[in-house]
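Report on one structure; see the data block that follows.
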Amino acid sequence: MSSNIDDAPTADEFSSPLGSEESLRAQPLANGDAPLVLVLGATGYIGGRLVPRLLAGGYRVRALSRNSRRVKALPWGDDVDVVDGDAADADAMDTAMAGVAIVYYLVHSMTAGHDYGRLDRTIALNVARSARTNDVSRIIYLGGLHPDGVQLAAHLESRKEVGDILLATAVPTIVLQAGVVIGSGSASFEMIRHLTEVLPFMPAPKWVRNHIQPIAVRDVLHYLLGAARAEGEVNGVYDIGGPDVLRYSEMMNGYAREAGLPQRHIAALPVMTPWLASHWVGLVTPVPRALAMPLVESLLHSCVVKDDAIDGLVPLPPDGLTGYLESVRLALGRIEIDQVETSSLDARISGVPSDPMPSDPDWAGRTVFKDERHKRTSAEPAAVWRVISQIGGATGWYSASVLWASRGLIDRVAGGVGSKRGRRTYSRLTVGDVVDVWRVEVADPGKLLRLRAEMRVPGKAWLELGVRPTEEGSEYWQRAVFFPRGLSGRLYWLTMLPFHGLIFSGMVNRIVAVAETDDSNESRSTSIEK
């Protein structure tokens with residue numbers, strides 16, 4: 001990386017805004033209580049950053065989630081009220097809306113398959129009805145920046161329609177329209193980052209010449225927090241963007257500059273369709289194809305802020321808006337210190353398994369294939385767990401790297417998630433996090449890590465890695481579980497058996513060896529300090 005990263009900002013600079021700033025803090029209700037805020041999309045990229053700042057600002061926060069375990073596993077999970085349910089379910093929404101003053105609408109369904117427009121419409125109508133019924137004071141919706149007078153791509157049209165539905169209700173609604181969001185873990189940033197780092201020369205669609213106005217994620221959070229403080233019954237649309245208007249090609253080379261890379265040569269080709277471009281992005285970057293398509297579609301037109309009306313609603317941040325190069329520097333700094341707050345790559349993708357693994361007694365009467373391995377070690381359980389918790393991503397899988405990479409590439413070509421997604425942080429895992437082609441289903445520190453496969457397989461697959469203490473040290477254990485679907489599932493397992501023997505035995509031996517080395521080094525360091 002460039003020397004710019006060596007001058008890393010402080011933790012507070014990385015986290016700005018904190019939410020506790022006087023201009024962003026909650027204003028008490030007439031009865032003196034703190035406002036209750038409902039965040040729809042609390043586990044998403046923006047929502048996961050907004051919630052702790054709302055809490056820091058004195059708000060009471062409620063989250064509606066289909067997976068309360070995911071919410072409770074987050075650092076702020078015990079500080080919010082969680083309602084189990086789906087945003088499209090009327091009863092669940094009414095339960096979540098009870099007593100709420102402000103609703104943040106941060107959900108979208110663009111990874112939910114071809115029918116995401118209908119689902120977005122259903123959710124918007126449900127939110128509008130429930131907010132009106134429950135006397136909500138304000139809805140704040142984060143939509144997409146778009147030009148007027150053109151036929152929008154389906155993704156942008158759907159987001160615009162959601163805003164129109166909310167604005168038409170009797171509940172005052174503030175629609176904030178943002179373009180490309182730049183921050184560690186954002187889909188737009190990850191697309192720019194990997195395209196630039198992987199390709200010194202890139203044949204690209206002609207949209208790389210379009211003008212767009214990126215905005216730092218910190219500025220998006222500033223506007224979202226500030227919108228809650230806006231005076232009066234505001235009902236309107238406000239464009240938000242950073243101070244720079246750039247071509248996409250300029251953004252890529254701006255990233256190259258901040259990352260210490262040579263300038264990239266980009267050739268605009270008139271023949272590359274959005275469909276083809278999204279497949280190209282899907283292969284080269286960790287952004288799944290289901291997410292790459294709407295991202296590419298949103299770049300088909302020049303998208304810049306049309307006016308400065310937002311300045312009359314929410315004052316600028318104290319130090320002004322963050323420039324593009326600075327936002328890249330901050331994102332890279334976050335990655336450098338392994339402090340990525342949220343990642344859009346953790347978003348759930350349509351078509352992958354979502355059911356948790358049944359408990360062992362429930363296996364009776366169904367076909368299940370297992371590969372179980374154990375190994376005792378002198379290493380302490382904490383040392384083994386550290387190795388387990390760092391698996392995947394840049395660390396890899398401790399064995400047969402070529403086979404893991406090949407399996408991920410095959411899945412990517414077949415339209416699956418592939419293995420390029422990596423993981424949000426190097427050393428910590430929580431429920432719902434992505435780890436390459438897997439998703440964390442259980443993370444019980446010091447005991448168990450259960451991963452559910454999101455690759456394309458004819459059945460459902462899980463991988464468990466765990467450690468238990470023994471008198472001599474500990475015992476590492478791992479178990480692969482596969483529920484086959486039909487004949488193809490059984491043939492798949494039989495075909496993979498020779499590879500499993502190589503992969504899984506190698507994992508056991510290597511994980512134990514690394515744990516023993518780390519434990520020995522830790523003991524030696526402690527002895528020297530004494």
Side-chain angles (χ1 to χ4, degrees), residues 1-5 7-9 13-14 16-17 45-46 49 142-148 156 176-197 202 204-224 226 237-266 268 295-296 298-335 344:
M1 287 185 184
S2 71
S3 59
N4 292 343
I5 303 304
D7 302 323
E13 286 181 282
F14 275 135
S16 178
Y45 178 72
I46 296 293
R49 299 186 183 214
L142 182 61
L145 189 64
H146 60 271
D148 294 329
L156 283 176
L176 301 176
Q177 298 186 150
V180 172
V181 176
I182 302 298
S184 57
S186 79
S188 297
F189 175 74
E190 292 300 328
M191 193 165 96
I192 293 169
R193 174 187 173 200
H194 285 83
L195 285 174
T196 307
E197 291 186 349
M202 189 178 101
K206 60 183 179 181
W207 48 252
V208 295
R209 295 174 177 165
N210 289 340
H211 287 98
I212 48 182
Q213 195 161 351
I215 182 170
V217 65
R218 58 174 46 205
D219 292 336
V220 174
L221 293 170
H222 171 82
Y223 283 124
L224 286 169
V237 179
Y238 299 86
D239 290 352
I240 59 174
D244 302 317
V245 176
L246 303 165
R247 299 180 189 272
Y248 198 82
S249 54
E250 292 174 326
M251 291 174 62
M252 291 180 63
N253 275 316
Y255 173 88
R257 171 183 164 184
E258 289 300 308
L261 300 170
Q263 292 292 281
R264 284 0 197 177
H265 302 285
I266 302 168
L295 283 177
V296 168
S298 66
L299 299 171
L300 294 179
H301 304 286
S302 291
C303 287
V304 298
V305 172
K306 293 181 281 294
D307 56 51
D308 60 359
I310 187 64
D311 294 345
L313 185 74
V314 179
L316 290 170
D319 296 325
L321 295 172
T322 309
Y324 173 69
L325 294 180
E326 175 70 1
S327 66
V328 170
R329 185 178 75 90
L330 290 166
L332 289 173
R334 273 278 188 187
I335 295 169
S344 60

Measure from the side-chain N and O atoms of Lys306 to the backbone N and O of Pro147, and report whether any donor-acceptor pair falls under 3.5 Å.
-> no
Nearest-0.5 Å distance, CG of residue Leu330 to CZ of residue Arg334 | 9.0 Å
Under the 3.5 angstrom rule, does the side chain of Asp219 hit a backbone N or O of Gly242 as a donor-acceptor pair?
-> no
Are Arg218 and Pro17 close enough that some pair of their side-chain heavy atoms sits under 4.5 Å apart?
-> yes
For residues Tyr255 and Arg193, report the shortest heavy-atom separation together with the two atoms involved.
-> OH-CG, 3.1 Å
So does His265 have more than 12 non-hydrogen atoms from other groups sitting under 6.0 Å from NE2?
-> no
Nearest-0.5 Å distance, CZ of residue Arg49 to OG of residue Ser186 = 8.0 Å
Only one of Ile240, Leu142, Leu313 passes side chain to side chain contact (heavy atoms under 4.5 Å, CB included) with Tyr223, and that residue is Ile240
Measuring from Leu156:CG to His301:NE2, what's the distance to the nearest 0.5 Å?
-> 8.0 Å
Any idea which heavy atoms bring Ala331 and Gly183 closest together, and the distance?
-> CB-C, 3.8 Å
Mind listing the closest non-hydrogen atom pair of Val304 and Leu145 along with its distance?
-> C-CD2, 3.9 Å
Of all the heavy-atom pairs spanning Ile182 and Ser327, show the shortest one and how long it is.
-> CG2-OG, 3.4 Å
What closest approach, in Å, do Ser188 and Val180 show between heavy atoms, and which atom pair accounts for it?
-> CB-CG1, 3.4 Å
Please examine the side chains of Val220 and Leu176, heavy atoms only from C-beta on, and report whether any two atoms are closer than 4.5 Å.
-> no
Determine whether Tyr248 and Met191 make a side-chain contact, defined as any pair of heavy atoms from C-beta on separated by less than 4.5 Å.
-> yes
Indicate yes or no: at least one non-hydrogen side-chain atom of Tyr45 is less than 4.5 angstrom from one of Val217.
-> yes
Any side-chain heavy atom of Glu258 sitting closer than 4.5 Å to one from Glu326?
-> no
The reported gap from CG in Leu316 to CG in Asp311 (rounded to nearest 0.5 angstrom) is 4.5 Å
What distance separates Glu197 CD from Arg264 CZ, expressed to the nearest 0.5 Å?
-> 8.0 Å
Check the pair Gln213, Asp239 against side-chain contact (heavy atoms from CB on, under 4.5 Å), reporting the backbone distance first and the verdict last.
-> CA-CA 10 Å; Gln213 195 161 351; Asp239 290 352; over 6 Å; no
CD of Gln263 to CE of Met252, rounded to nearest 0.5 Å, is 10.5 Å
For Val305 and Gly241, which heavy atoms make the closest approach, and how far apart are they?
-> CG2-N, 3.6 Å
Side chain to side chain, Asp244 and Leu325, heavy atoms closer than 4.5 Å | no
Any chance CG of Asp307 has more than 12 other-residue heavy atoms, nucleotides or ligands included, within less than 6.0 Å?
-> yes
